[in-house]
Participant: 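Here's a structure for you.
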Amino acid sequence: MINKYELKNVWHKLTTARDVNERLPVTVQLHDTVFSVLALIAHHDNITIHGIEIHPYFRDTSLSTIKRSVTTLLESGLIKATVSETDKRERLLTVVEKL
């Protein structure tokens, strides 16, 4: 069962997330899923697409949607991808320093 305190916390986090998204440059306003992927990449530096895919938050999100979100973020310059030194097939995703 959820209590009132938990719901208040959820509302605070939702409004904070929307505020952060709205402060991005006007040309980069992001869909909720794309913004969620951006937030996860910021939280887990050097995460891979597979890492995003297996994260419980994205359990109901298709791999193609995640890939589209990553492509959108790469094209908008909000994240960068670097080749892993241990596995050249992996691309490590990080948020750029200045948004």
Side-chain angles (χ1 to χ4, degrees):
M1 177 78 17
I2 308 171
N3 64 39
K4 186 176 179 180
Y5 176 76
E6 288 175 310
L7 288 173
K8 283 183 178 183
N9 273 343
V10 168
W11 178 251
H12 175 70
K13 290 176 183 181
L14 287 171
T15 55
T16 301
R18 177 163 289 173
D19 177 57
V20 170
N21 189 10
E22 289 174 354
R23 284 190 281 137
L24 289 170
V26 175
T27 57
V28 189
Q29 293 295 308
L30 302 175
H31 180 274
D32 288 343
T33 303
V34 180
F35 184 73
S36 296
V37 169
L38 176 63
L40 180 63
I41 293 169
H43 189 264
H44 292 290
D45 211 26
N46 291 324
I47 194 169
T48 62
I49 288 178
H50 178 70
I52 297 168
E53 178 189 19
I54 64 172
H55 192 280
Y57 184 86
F58 294 99
R59 69 177 169 267
D60 296 328
T61 307
S62 69
L63 177 58
S64 62
T65 299
I66 292 169
K67 286 181 178 180
R68 253 191 328 274
S69 297
V70 168
T71 299
T72 299
L73 293 168
L74 286 167
E75 289 174 351
S76 64
L78 295 173
I79 64 170
K80 63 181 178 177
T82 55
V83 177
S84 169
E85 292 181 12
T86 56
D87 185 348
K88 300 296 181 196
R89 297 169 296 176
E90 284 187 336
R91 301 292 180 259
L92 305 176
L93 306 171
T94 56
V95 174
V96 296
E97 288 301 312
K98 291 204 174 193
L99 300 179

Participant: For V95 and L73: C-alpha separation, side-chain torsions, deciding distance, then whether side-chain contact (heavy atoms from CB on, under 4.5 Å) applies.
Facilitator: CA-CA 9 Å; V95 174; L73 293 168; over 6 Å; no
Participant: Using the rule side-chain hydrogen bond (donor to acceptor under 3.5 Å, both in side chains), only one of T71, T65, T72 pairs with R68; which is it?
Facilitator: T65
Participant: Is the backbone N or O of D19 less than 3.5 Å from a side-chain atom of E22, with the two atoms forming a donor-acceptor pair by type?
Facilitator: no
Participant: Under 4.5 Å between any side-chain heavy atoms of L7 and W11, yes or no?
Facilitator: no
Participant: Should the heavy atoms of other residues, nucleotides or ligands under 6.0 Å from CD1 of I2 be counted, would the total exceed 12?
Facilitator: no
Participant: Give every donor-acceptor pair under 3.5 Å between a side-chain atom in residues 30-44 and any protein atom, sequence neighbours left out.
Facilitator:
from: H31; atom 1: ND1; to: T33; atom 2: N; distance (Å): 3.1
from: S36; atom 1: OG; to: D32; atom 2: O; distance (Å): 2.9
from: S36; atom 1: OG; to: Y57; atom 2: OH; distance (Å): 3.4

Participant: Mind checking the OG1-CG spacing from T94 to N46? Nearest 0.5 Å is all I need.
Facilitator: 6.0 Å
Participant: Any salt bridge (Lys or Arg N to Asp or Glu O under 4.0 Å) pairs touching residues 44-67, not counting sequence neighbours?
Facilitator: none
Participant: Are K13 and V10 close enough that some pair of their side-chain heavy atoms sits under 4.5 Å apart?
Facilitator: no
Participant: As an exercise, state the distance from CD1 of I54 to CD1 of I49, rounded to the nearest 0.5 Å.
Facilitator: 13.0 Å
Participant: Verify the neighbour count for atom CD of E6: are there more than 12 heavy atoms of other residues, nucleotides or ligands below 6.0 Å?
Facilitator: yes
Participant: Identify all side-chain donor-acceptor contacts of residues 86-93 below 3.5 Å with residues at least two apart in sequence or on another chain.
Facilitator:
from: T86; atom 1: OG1; to: S84; atom 2: OG; distance (Å): 3.0
from: D87; atom 1: OD1; to: R89; atom 2: N; distance (Å): 3.1
from: D87; atom 1: OD1; to: R89; atom 2: NE; distance (Å): 3.0
from: D87; atom 1: OD2; to: R89; atom 2: NH2; distance (Å): 3.1
from: R91; atom 1: NH1; to: K88; atom 2: O; distance (Å): 2.8

